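Naming convention: chains lettered A, B, ... in sequence-line order (proteins, then strands); numbering from 1 in each chain. As the structure is a prediction and not an experimental result, all values here were calculated from the model.
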Amino acid sequence: MDGRFDPTQADRRWQERWEDERCFEADSSSDKPKTYILEMFPYPSGRIHMGHVRNYTMGDVIARFRRMQGHEVLHPMGWDAFGMPAENAAMERKVHPGSWTWANIGAMRDQLKRIGFALDWSRELATCDPAYYGHEQALFLDLFDAGLVYRKESEVNWDPVDMTVLANEQVIDGKGWRSGVPVERKKLSQWFLKITQFADELLEGLGSLERWPDKVRLMQENWIGKSRGLHFRFALVDGPAGIDEVEVFTTRSDTIFGASFLALSASHPLALAAAEHDPDAAAFILECNAGGTSAAEVETLEKKGFKTKFEAKHPFNSNLRLPVYIANFVLANYGTGALFGVPGHDQRDYEFATRYHLSIKRVVAQGRDVASEPIGTEAEGGPGIAVNSDFLDGLETRDAAAEVIRRAEEAGWGRASTIYRLRDWGVSRQRYWGTPIPFIHCDSCGVVPVPRDQLPVILPEDVSFEIPGNPLDRHAAWKSVNCPTCGAAARRETDTLDTFVDSSWYFIRFASQPSDRPFDRFEAEAWLPVAQYIGGVEHAILHLLYARFWTRALQHIGQLGIAEPFAGLFTQGMVTHETYKAGDGSWLSPGEVRRDGDDWVHIESGHPVASGRVEKMSKSKRNTIDPEPILAKHGADAVRWFMLSDSPPERDLEWSESGIEGAARFVQRVWRLVASVSGEPGDDKDLERKGYATIAGVTAAIEGLQFNKAIALLYEFASAIEKAPASAARDGAVRTLVLLVAPMAPHIAEECWDFLGETGMIIDAPWPGFDPAMLVADEVTIAIQVNGKLRETLTVARGLDRAALEAQALALEKVQRQLDGGTPRKIIVVPDRLVNIVA
RNA sequence: GCCCCUGUGGCGGAAUGGUAGACGCGCUCGACUCAAAAUCGAGUUCUGCAAGGAGUGUCGGUUCGAGUCCGACCAGGGGCACCA
C-alpha cells in the first residue's frame, strides 16, 4: 500500500462496483424494515451546484447508515424537469425545451454519480416524461371526478413578463417570483384544486409532524391562517334591487357596539350596484383596481373610501344607522369582502375614520382606562373589558364575543364560523413546458375530460418560441380535436399545470411505478411515509403544503392510505461564499481574485477589489464554486466530509478552500491509520471505552442529523487511536473508525475495508454496536468549586461516596486558600461530578 | 405592524442547570528535510511576570451553581403582511 490514498482511482472503482452489482436498488418485497430517505429532487438547470451536493450528502449519510443498521432503504433520485428556464433557454438559444432539459439531466446525472451517492437509479424519473405526466393527468382527472378540481373565472395574478398566471404563493412582495416584475390583475378562466376543503385537516395534521422543524410548522400554520369569529348580516335601509343586506365577518364580535361604518371591497356586489347609477362610484372602483399590490405601494397607500347612498342598520339597535363605504383596503377574497369598521380598536379603521370624520368610540377598556376616556392617537387593539356596549358591559373580550355570537345565532342574523387565509390552488399556467391539462372545450358540451384511454395528452414537439405567449395556444393542429362526447370539432385546453403539481406526488411514484397506473397502492404504502425528507427551507410553504394536500386528496378518494407524506423533515442551510466587487461595481468570481495581505486584488488587472458580504452562492453575484474541479482535485469523500463538518446542517455553510483541504487531510489520515494496523496482541481498555463512546455518540448524532458533531467525535477518536500503542485493541479501533466513517466517506471506507481483509463491501457491513456498561469509566474527574467557581479538579474512583469526596475536596490547598481559615457554610456534593463549597 | 429564530475566541462552532471554548480552520513555536510539500509534537479566550482576575450581546432575577431557566432591553436574520 502506497503512502497516499488516491481518490481519483478509488472513487471510480467503487462507484462502478456499486452500480454493476446494483447495490442500491430497493427491494419492495424485502422482509427487512423499510426506510424511505428522500431529498427534494433538483430542477435540471444544467449543472450540480454546492447546494445540491450538501443536500444530497446529508440524505446519503442517513441512507447508508440505515442500510448498515439492517434496513431496506429506498433512496431515489429524479428530475423536477418542467418549468420556465427551459422555455427561456429555448427562446435564447433556439433549442427545444425538451432537448435542453434532457441534455441537462444527462450531465447532472453523471455529476451526481461521481459524488458516490447510494441512489437507486433504476427508479429515476423526470416529470417531463410522458410516462410520468400521463399518470399525473390521470390523477388530475380522478380528483376532478371527486369534485376536488374546478374551473372558475377569477381575478388572477398575471406576470406580464413570463406571460402567465401565478399562484398567490408565487407572488412575493407583489412581484412574480421568477420575473421579479410587479404582478398585474387580470380576469381569466382558471383551473383550481380545492385545497381549502382540507384547510382544517392540513392544520390539524401539523400537530402529528413531530419530526418537522417548529419553524416550518409555524409558517404553514400562519399560511393557512385559521380565524374563528362571527358571520353576520347588516340589513340595508333602501338597498338596491335584490340586495337587502350585507354580510360581514369579524373575529371581534365583542366590539360590535363600536361600529361606525361598513366598508365594501371594490368588487362587492353592492359596490357594483352602487356604481350602476353613480359614475363617481364607478370611477372610484376603477381607481381601486388600478392600484398595485406591491408591499411598498400597499404600505404607503392611503385608506380611501367612497360613501355610497346606502345605510345599514345596527343589528342590536335598528335606530342606529351606519354609512356604507366602498374602500380600497377591503380585500375581495378574504371573509365576505365586506367589513364593519371599529375605529376605536382597529388601527386601519381608525385611519379611515379620521380621514372621513366618523365617530371613534371606546367599547373596550384596558387597565386603568375608564369608559369615558376617549381613544387617543392610535386604536387600542388588545383585549380588555367591554364598555359602552349595552348588555356586554363588564364582560371580558372573549366572553363578550361569545355572548354576541350567542345572541346573533338565537336571533338568526348571524352564525359562529371559521375562515381561512388559505385560498384554493390555481394550477393553470399559460406555458408550453408543463403537463397539459387533460380537458377539451366543446361549444355544445362544455368542458369535457379527455377519456382515460387517450392519455397521456402529449406535448407537441413542433413549437416555436419566436413570439411571447403560449405556443400551445398557437398550435392549430394540436389544439383541434373532436369532442369525446358529441364528436364535433372542439379545442384542447392549452393551459398546462403548475410545476408544483408535478412535485406533489413524485415521492409516491418513486415508491411504486407500474406502467399502467400512477402507482400501486400497497407497494407505495410499504415505503411511505418518507422517513426523512431533506431540502431547502424555501419550500417550507409552497411545495410542502401542496404535497401534503395532494397526499390527503388521494387518501380522500381512497387511492392511498397515507395522510402525511413526510414523517421527518429537515431543512438544510445554504452554501455561501464571500462576494467580490471590482471598482466599476461588477461582481468578480472567486477565481478572479487573490488575497494580498488583508485585502483582495483582481488577478488580471492588479486593481483592488472590495470583498462583500457572505451570501448564498448565486450566478448573479458570481460567488459560486463549481463542485466539478473540487471533486477532481480532492475526491468525493473530501467534498462530502467538508459538506458535513463545521456548520450545523440547518445553518449556512461558508465554502472555504482551507475547509476542503482539512477534509482531504482527514481522508488521508484514515488511510494512514489503516496502514498502521499492526497485528500485535494486547488490549487497551481506555481506547476500547473511547471506541464505544464514539459509536454511541456518532450513532446518536447521525440519528439527530447533527453531522458536525458526528465528525468532531470521529476526529477525536482518530487522535486517540494515533496516540495509542500498538495492540489488538488498537487494530479493532481502526476497524471501528472505518465503519463509522463509511456513511460519510464511503470510497475510502471501502478501500480500507478491502485492505483490512474484510469480506464483502462495507456498505453491507453491520453498523457497530456497544454495551452501555462498557461506557462507564473506573475513574472520574470531579470539579471542585468554591462558591460555584472552579478551583481544582480531582480524579477519583467512580462511585466514591459523598463524605470521602467532601474530605478530599476540603483538604486541597487551593480550597483552603480560598476559604482563608473560614468554615464552609454549606457543601454541595454531586457524586461523580462535583463538589461545591459555599463559604 | 404581527409572529418566529439567533447572539459564545481571530473564524466555523461544542457544551442532560454542574470543569465554557470539544472538534475543525487559522496562527505561533519546535521536530523531520539541503530546502519545500506532506507529516508529527507543543501552544493558542482576554489580562497579568506570577498568584490571580475577568469572560458566552446588555441590564436585572431565580439557584449552592446560569451560555443553558425567567423578565426587560439591544443587535442580526427569517416568515407573514391592509387578513377584518
Side-chain angles (χ1 to χ4, degrees), chain A residues 3-4 172-174 213-223 225-227 229-230 248-253 255 263 265 291 293 295 297-299 301-303 327-331 333-342 346-349 351-352 378 381 419-422 537-538 540-541 641-642 645-648 650-654 656-663 665-666 668-669 672 706 708-719 722-723 781-794 814 817 824-830 832-839:
Chain A
R4 286 184 65 79
I172 294 154
D173 286 344
D214 291 343
K215 179 184 167 183
V216 174
R217 289 197 287 184
L218 191 70
M219 280 164 73
Q220 292 214 351
E221 192 183 318
N222 291 339
W223 188 264
K226 182 175 185 170
S227 296
L230 173 70
V248 298
F249 174 79
T250 180
T251 54
R252 287 296 298 274
S253 45
T255 62
S265 79
T293 52
E297 282 175 280
V298 165
E299 227 160 78
L301 193 65
E302 270 187 280
K303 311 278 174 281
N328 64 350
F329 66 87
V330 183
L331 299 174
N333 52 10
Y334 184 78
T336 61
L339 57 85
F340 73 93
V342 184
D346 182 294
Q347 185 57 26
R348 199 192 37 207
D349 297 346
E351 286 168 35
F352 190 81
E378 270 188 359
I419 63 168
Y420 298 88
R421 206 189 78 106
L422 185 70
V537 72
E538 66 273 20
I541 297 170
W641 191 263
F642 176 60
S645 56
D646 288 348
S647 287
E650 68 277 12
R651 289 204 212 162
D652 290 353
L653 172 72
E654 190 184 348
S656 74
E657 193 58 32
S658 53
I660 182 71
E661 280 165 7
R665 232 176 350 246
F666 182 76
Q668 295 300 336
R669 213 168 144 200
R672 280 197 306 276
Q706 299 172 302
N708 56 322
K709 286 197 214 170
I711 279 181
L713 287 167
L714 290 167
Y715 274 119
E716 241 181 286
F717 190 37
S719 294
E722 278 163 357
K723 290 188 177 79
T781 304
I782 307 279
I784 309 300
Q785 301 177 335
V786 176
N787 291 332
K789 285 203 168 166
L790 181 76
R791 292 299 165 186
E792 185 75 282
T793 59
L794 212 52
K814 286 190 182 175
R817 202 187 309 153
R825 281 198 294 131
K826 192 174 179 184
I827 301 182
I828 312 281
V829 181
V830 183
D832 292 343
R833 212 108 220 191
L834 65 81
V835 177
N836 186 18
I837 297 157
V838 185

field: Rounded interatomic separation in angstrom, taking CZ from A:R669 and P from B:U39
entry: 10 Å
message: Categorize A:R825 for me: base, sugar-phosphate, or nothing, with a 4.0 angstrom heavy-atom threshold over every strand shown.
response: nothing
query: P atom, B:G77 versus B:U28: distance in rounded Å?
result: 34 Å
message: I need the CG-P distance between A:L218 and B:G79, as an integer number of Å.
response: 13 Å
task: Would you indicate, yes or no, if B:G24 has its OP1 or OP2 atom less than 4.0 angstrom from a side-chain nitrogen or oxygen of A:Y715?
output: no
A:W223, nearest nucleotide to its side chain (from B:G18, B:G79, B:A81): B:A81
- prompt: Taking only N and O in the side chain of A:N708, is any of them less than 4.0 Å away from OP1 or OP2 of B:A14?
  reply: yes
Atom-pair distance (CG on A:D214; P on B:C5), nearest Å: 8 Å
- request: State whether A:K215 places a side-chain N or O below 4.0 Å from either non-bridging phosphate oxygen (OP1 or OP2) of B:C5.
  value: no
Spacing between A:R421 atom CZ and B:C2 atom P, to the nearest angstrom: 17 Å
message: Distance check, rounded to the nearest 0.5 Å: A:E650 atom CD versus A:Q706 atom CD?
response: 8.0 Å
query: What interatomic distance, in whole Å, is found between C1' of B:U58 and the corresponding atom of B:C11?
result: 24 Å
statement: All stems that RNA chain B takes part in, i.e. 3 or more consecutive Watson-Crick or G-U pairs with distances under 3.5 Å, are B:1-7 with B:74-80, B:10-12 with B:23-25, B:26-31 with B:39-44, B:45-47 with B:52-54, B:57-61 with B:69-73
task: Take A:R672 and A:E722, measure what salt bridge (Lys or Arg N to Asp or Glu O under 4.0 Å) needs, and give me the verdict at the end.
output: CA-CA 10 Å; A:R672 280 197 306 276; A:E722 278 163 357; 5.1 Å; no
- request: Tell me what A:S645 touches on the nucleic acid: a base, only sugar-phosphate, or nothing, going by heavy atoms under 4.0 Å.
  value: nothing
- request: For B:A20 and B:A75, measure between their P atoms and round to the nearest Å.
  value: 31 Å
query: So, does the side chain of A:N222 form a donor-acceptor pair with the base of B:C80 at under 3.5 Å?
result: no
query: For atom P, what is the distance between B:C40 and B:G52, given to the nearest Å?
result: 35 Å
- prompt: Should B:G9 be called syn or anti, with syn set as within 90° of 0?
  reply: syn
- prompt: Closest to the A:D646 side chain: B:G24, B:G26, B:A14?
  reply: B:G24
message: Rounded to whole Å, how long is the line connecting atom CZ of A:F329 with atom P of B:C82?
response: 12 Å
query: Would you say A:R4 reaches B:U39's phosphate, i.e. side-chain N/O to OP1/OP2 under 4.0 Å?
result: no
message: Mind checking if A:G225 touches a base, just sugar-phosphate, or nothing, with heavy atoms under 4.0 Å?
response: nothing
A:A327 versus A:F352, closest heavy-atom pair with distance: CB-CE1, 4.0 Å
message: Whole angstroms only, please: what is the CG-P distance between A:L713 and B:G24?
response: 12 Å
- prompt: P atom, B:C25 versus B:G13: distance in rounded Å?
  reply: 16 Å
task: Give a yes or no on whether a donor-acceptor pair under 3.5 Å exists between the nucleobase atoms of B:C23, that is its base, and the side chain of A:K709.
output: no
field: Presence of A:R651 side-chain N/O under 4.0 Å of B:C5 phosphate oxygens OP1/OP2
entry: no
statement: Between A:N787 and A:P648, the residue closer to the 5' end of RNA chain B by nearest nucleotide is A:P648
task: Would you kindly compare A:K723 and A:L834 by the position of their nearest RNA chain B nucleotide and give the one closer to the 5′ end?
output: A:L834
Sugar-phosphate, base or nothing in reach of A:Q785, heavy atoms under 4.0 Å: base
- prompt: Hey, does A:S656 reach any base, or is it just sugar-phosphate, or nothing, if we go heavy atoms under 4.0 Å?
  reply: nothing
message: Do A:L339 and A:R348 make a side-chain contact, defined as non-hydrogen atoms from C-beta onward lying under 4.5 Å apart?
response: yes
- prompt: Can you tell me if the side-chain N/O atoms of A:S227 get under 4.0 Å from OP1 or OP2 in B:A84?
  reply: yes
query: Please give, in whole Å, the distance from B:G12 C1' to A:W641 CH2?
result: 16 Å
task: Output yes when at least one side-chain N/O atom of A:R217 is less than 4.0 Å from OP1 or OP2 of B:C5, else no.
output: no
query: Has the side chain of A:R833 got a donor or acceptor atom sitting under 3.5 Å from an opposite partner on the base of B:U16?
result: yes
field: Between B:C64 and B:C4 - C1' atom distance, rounded Å
entry: 36 Å
Measure all distances between protein nitrogen or oxygen atoms and nitrogen or oxygen atoms of nucleotides 49-52 of chain B, and list the pairs falling under 3.5 Å.
residue : atom : partner : partner atom : Å
B:A51   : O3'  : A:R817  : NH1          : 3.3
B:G52   : OP1  : A:R817  : NH1          : 3.0

